[in-house]
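This report concerns only the one structure given below.
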Amino acid sequence: MAVLPDATIVCDQELAVVPPAAHVLEFAAGRPMVVFGQHSGSGWLAFAEFDANGALIRSHDAEADDQYELADSVAREMFGFTAESAPDEVVVHGFRVTRPGQAERDAAFAAVVAEMVAGGPTRMRMTPDGSLVPHED
């Protein structure tokens, strides 16, 4: 987290969703808010800008071959810097948040992953309405 005269920067994978959760809008407390998310492994990138009332001003969600260049351009435009070129006066502190019941959430997630791995890959096909269903050989 970084607290600047004109902005508070909070980094958390749970915040990189559009639309933002109600508690995130509450945290913004009537200030404009920018949400920026990136997944380097898949090439996914998303950003959104909200006004002080929480109304969406603009957004973008894409998978791009030039994801890094696009992410740098978006970060430079929205924040004035990129992760690799942050000004010296921006100091970001790392922290880990745990919630009540976090151990149970982690265990449930691990169980789902283990079940997926044990079952092996599933071939899927897309139906005319765009939904995915198991492919029948």
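Heavy-atom contacts from other residues, nucleotides or ligands closer than 6.0 Å to CD of E115 number 12 or fewer.
Placement of M124 and M116 in two distinct hydrophobic clusters is found when ILVMFWY residues are connected by side-chain heavy-atom separations under 4.5 Å, directly or transitively. Hydrophobic clustering, with ILVMFWY side chains joined whenever heavy atoms are under 4.5 angstrom apart, keeps M126 apart from V133.
With values rounded to the nearest 0.5 angstrom, R123 atom CZ is found 11.5 Å from E136 atom CD. Summarising the geometry, atom CG belonging to L56 is positioned 9.0 Å from atom CG belonging to D51; distances are rounded to the nearest 0.5 Å.
In this structure, I57 and F50 approach most closely via the heavy-atom pair CD1-C, 3.8 Å.
In this structure, D129 contributes its side chain and S131 its backbone to a donor-acceptor pair below 3.5 Å.
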